[in-house]
2 protein chains.
Amino acid sequence: MDSDAKRRVTAADVAKRAGVSRSAVSRAVTEGAYLAPAKRALIEAAAQELGYRPNAMAAGLQGRRSNLIAIFVGEMANEYDKEVAAKLISGLNEAGKWPIVIGGSGDAARDAVNNVLRYPLEAMILRSGSLSTDISEACGKLGIPVIASGRVMDAAGVDNVCCRNQEAMAKGTELLIQRGRTRFGYISGPAGFGASAERKSGVIETLDMSGLALHADATGAFTVQSGYDAVMSLPNCAALDALICANDAMAIGALGALRERGRTVPEDISVIGFDDISMAKWPSIQLTTLRNPINGLVSSILDLLDRRQSNPAKATEMIWLDAEVILRATH
Amino acid sequence: MDSDAKRRVTAADVAKRAGVSRSAVSRAVTEGAYLAPAKRALIEAAAQELGYRPNAMAAGLQGRRSNLIAIFVGEMANEYDKEVAAKLISGLNEAGKWPIVIGGSGDAARDAVNNVLRYPLEAMILRSGSLSTDISEACGKLGIPVIASGRVMDAAGVDNVCCRNQEAMAKGTELLIQRGRTRFGYISGPAGFGASAERKSGVIETLDMSGLALHADATGAFTVQSGYDAVMSLPNCAALDALICANDAMAIGALGALRERGRTVPEDISVIGFDDISMAKWPSIQLTTLRNPINGLVSSILDLLDRRQSNPAKATEMIWLDAEVILRATH
DNA sequence: TTGAAAGCGATACCAC
DNA sequence: GTGGTATCGCTTTCAA
């Protein structure tokens, strides 16, 4: 018969049950601790029977690793961000780290971050988002290491992992030039995102080197709809034979709009995107794109975390990731 | 001059700085506690200056709410799951709950769950996944409330929120019958998922009531590729004038395959999906579908959580959600 | 209104 | 090897 309020089983309960001291119980659950095998078995049986689990909060108070990592993911509005978040969560789990995930934006997100910072976090992983600067500042004061990606943060104590956006776009542009394209359009991401400017200049500089220039230039919001809208409102759409988009979502929107405007891809006009989100390889899409490597991103973040843990005082690092050209059916 | 190892600021530090007792500091950060306004201001200033944040672990040890909620999301392989996870995380954040997210499957996920259960969780939110039963059992032993969705779990202490799959599919089937379709194909989800069986029987029973039957029947894996493959290997594809898919991803794959096989949608053949993932409304897709309401799901989970917290002993509940027919361009 | 002191549950150092 | 005991940082009686 249970009592009404179910109390959590503690080490003391197990100790009493097994007829040993609390210390022995603690040693039984610790990896390399002195304990007679027979006694250990006895304790383990009692623990099993009672359903004992050491309370991570009490253990955390002892100055041990909390294994808690915060991830700030912003709005998670676009597909790439969601894929990154999913992979990052699995990656951390496999490394034995437990991610507390914070989403959203604005004041709600700010409050959330402030509250989560009450936990003894081992690190804060920042993925874009407008609050990045504030958050990293707060973490700095608390001595919590920050790992940023998506936008480079040039602050003390912040490690970065970042895609070579400009070089990647240069590769993509080069591909289309070699295919014989000469009249390029570009759909840019929103201003204010570091990646937007880098990607665009990768295109422009590469065109320039071949004596070419942009014939059309629109700005989207990194969404499918915005890519569609951008192309639908392009005045000289019919004159273009190549369209480069700052991300896959906009490229996918653009693809729909181009078909509606009577252009055929890739015979008539080439389209490439950026990211290689999972939809890019869907049979009905088959988008040629530049892969913004998610696995590389996640493993870099994990490496950075590891190195930071083993040497908290080390200098901050910046890891650069190269994008790969993925040839499908739209170039 | 900082000392080398940066120690976290504690209430004692603030107390010394403000010239008061530790108790006073604790009261200053507690909402409705006796404290002279002047003293409170003094303490708040000192806390601000030192960058003090109460340590949630130490506070959690006091038997207060931990605000920690675990979410088990399984593989997050398909789009719907990712969208649900994203919305759920934001929803919990807004409610002042901090989600520890566990992904993956197999032994790694099992270990992860076992470790996360060391934290004093307020609840475990389960989203499909093969480990559901094991996890809910472990939570039951620890007295941690479980909220399941995606698959109905008929276990003690488990609240459920669930879509009326069968009724939803009946509505979708009805739509196509009224449009004059008579030769139906169906692409089912993998066996073993409760939703697969329910959705399929919704189709079959509705057809039956109109004296119709399934002309083709394939099984996919809830992925785009599997929907594509299923249609490509359908022997009597040309004879069909309607195709119902157990989810949107497979419907999108099917759409691509149908076009490749020379069928035109929706003139020639109608296609509908299930879920209404965000890609369903993309300009190039425009899938007619049954909306598996994410917002309703998230708010139901939050409600359930709230009620469970305010009355831990209450009977378990089951909340049913209705799907809505979303008319786009493929029916 | 305030300070002193007793826990919360686990770990680690100490003698034995 | 093992059992006592101080300790982590906070909240919360209990006196004053």
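We name chains A, B, ... by the order of the sequence lines, and we start the count at 1 in each one. These numbers were taken from a predicted model, which means no experiment stands behind them.
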Backbone of [Y] reached by a side-chain donor or acceptor of [X] within 3.5 Å:
| X | Y | value |
| --- | --- | --- |
| B:Glu122 | B:Ile69 | no |
| B:Ser26 | B:Arg22 | no |
| A:Asn67 | A:Trp98 | no |
| A:Arg65 | A:Gly60 | no |
| B:Tyr80 | B:Asn292 | yes |

Length of the CZ-C1' vector between B:Arg65 and D:dC10, whole Å: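 It is 19 Å, rounded to the nearest whole Å.
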
Bending between helix ends of the helix from C:dT1-D:dA16 to C:dC16-D:dG1 [5 pairs per end, 10° resolution]: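 The angle, to the nearest 10 degrees, is 40°.
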
Heavy-atom neighbours of A:Asp154 CG exceed 12 at 6.0 Å: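 Incorrect, the count does not exceed 12.
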
Residue B:Arg40 excluded, over 12 heavy atoms near CZ under 6.0 Å: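 Counting neighbours around CZ of B:Arg40, more than 12 heavy atoms of other residues, nucleotides or ligands fall under 6.0 Å, so yes.
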
Minimum heavy-atom distance between A:Ser136 and A:Ala155, given as atom pair plus value: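 In this case the closest contact between A:Ser136 and A:Ala155 is OG-CB, 4.3 Å.
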
A:Ala11 to A:Tyr52 - nearest heavy-atom pair and separation: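 Shortest heavy-atom contact: N-CE1, 3.3 Å.
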
DNA chain C contacts made by residues 38-48 of chain A, counting heavy atoms under 4.0 Å: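 Per residue number, the list is empty: none.
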
B/S/- contact track for nucleotides 7-16 of chain C, protein heavy atom under 4.0 Å: BBBBBBB---

Residues B:Arg53 and A:Asn114: side-chain donor-acceptor under 3.5 angstrom: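 Checked: B:Arg53/A:Asn114 side chains pair up, N/O donor to acceptor below 3.5 Å.
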
